[in-house]
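Accompanying notes for the structure given below.
In what follows, every chain begins at residue 1, and chains take the letters A, B, ... in the order their sequences are listed.
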2 protein chains.
Amino acid sequence: MLDAQIKSRYEIRAKIVKAMAHPSRMFMMDELAKGERCVCELTELVGDDVSTVSKHLAVLKNAGIVKSDKRGTQVFYALKVPCILNFFSCVESVMKQNAKDHATLS
Amino acid sequence: MLDAQIKSRYEIRAKIVKAMAHPSRMFMMDELAKGERCVCELTELVGDDVSTVSKHLAVLKNAGIVKSDKRGTQVFYALKVPCILNFFSCVESVMKQNAKDHATLS
DNA sequence: TCCTTTGTTGGCTATTTTGCCAAATAACCA
DNA sequence: TGGTTATTTGGCAAAATAGCCAACAAAGGA
């Protein structure tokens, strides 16, 4: 990792992945995969304070994972990158494997 | 997210993604995608303290992303889930899109 | 058996992340 | 214009991460 340029590249990558690495944000991405949602809808679903949800969405937007569209007083968020879904299926496969390994251990 | 079971599911998912969300860990996963590596090799490449690298690897292992094999005094780590690679290509696509958007803004 | 190499773990501080409340904005409607 | 709804931002305290050093454990060789 000596090369600063390479290091920087991994830092940028990590920033994107880090943006996904939160239960509420994972949930919201899943929800957005079904279609756009306004902050109020997501807030209702997640069950946290609106300000918290808004900040989570800002993290996702800042990472380039979602985009927002203000219509009237509402702001609608939508997934910007479709491959996110494939990614989740990979995470699922890790979970399944873990479950299998765990079962084997007992 | 009221349902505790669903919430728990997203927490487990997030734990896996969070394990990936670090520059050094991303780098190591990329390196492991080429083949198994011992801790000493990864330490050399990453350039951090051995203890730091060891802890990063423990995080990845605990998440079920890598597996380890002790041979003699060395411990070899290897990727456990191949789809990790597809995931990175998705992250790359986010990066490319971000770059494009950024260019458009200027 | 003692020494050396390779890794892991404990401990500690610095930094980052979370999530809530309160305050500020923005867009509408009466 | 004044009030209401929807969202973002500032600020702050609690919790989680990161990374270094020192100490410990394991395996092999002299």
Side chain to side chain, A/Lys80 and B/Val94, heavy atoms closer than 4.5 Å: no
Are A/Met95 and A/Met20 joined in one hydrophobic group, where the rule is that I, L, V, M, F, W and Y side chains link up if heavy atoms are under 4.5 Å apart? yes
Is there a side-chain contact between B/Asn98 and A/Ile12 (heavy atoms, below 4.5 Å)? no
Rounding to an integer number of Å, can you tell me how far A/Glu44 CD sits from D/dT5 P? 16 Å
The criterion is salt bridge (Lys or Arg N to Asp or Glu O under 4.0 Å); which residues satisfy it with A/Asp30, sequence neighbours excluded? B/Arg13
A/Val81 to A/Gly64 - nearest heavy-atom pair and separation: CG2-O, 3.8 Å
Do NZ/NE/NH1/NH2 and the carboxylate oxygens of A/Asp101 and B/Lys67 come within less than 4.0 Å? no
Proximity to DNA chain C (any heavy atom under 4.0 Å), residues of residues 71-80 of chain A only: A/Gly72, A/Thr73
Between A/Val59 and A/Val39, is there shared hydrophobic-cluster membership here, with clusters defined by ILVMFWY side-chain heavy atoms closer than 4.5 Å? no
Treating A/Arg37 as the side-chain partner and A/Ala78 as the backbone partner, does any N or O pair qualify as donor plus acceptor under 3.5 Å? no
Between D/dT8 (P) and A/Asp69 (CG): distance, integer Å: 12 Å
Which letters describe nucleotides 16-25 of chain D, given B = protein heavy atom under 4.0 Å from base, S = only from sugar-phosphate, - = neither? -SSSBBB---
Please enumerate all protein N or O atoms sitting under 3.5 Å from an N or O of nucleotides 13-15 of chain D, with distances to 0.1 Å.
none

Close side-chain approach of A/Asp69 and A/Arg71, heavy atoms under 4.5 Å: yes
Between P of D/dT8 and NZ of A/Lys70, the distance in whole Å: 8 Å
Whether the side chain of A/Glu41 engages the backbone of A/Cys38 through a donor-acceptor N/O pair (distance < 3.5 Å, no angle test) should be reported. yes
Bounds of contact between DNA chain C and chain A, in 5' to 3' order, using a heavy-atom cut-off under 4.0 Å: C/dT17 to C/dC28
Quick one: ring-ring contact (aromatic ring centres under 6.0 Å, His included) pairs with a partner in residues 28-78 of chain B, sequence neighbours left out? B/His22-B/His56
Is a side-chain N or O of A/Ser93 found less than 3.5 angstrom from the main chain of A/Cys90, in a donor-acceptor match? yes
Could you walk me through whether A/Arg9 and B/Glu92 pass the salt bridge (Lys or Arg N to Asp or Glu O under 4.0 Å) check? CA-CA 10 Å; A/Arg9 185 169 193 76; B/Glu92 285 294 322; 3.0 Å; yes
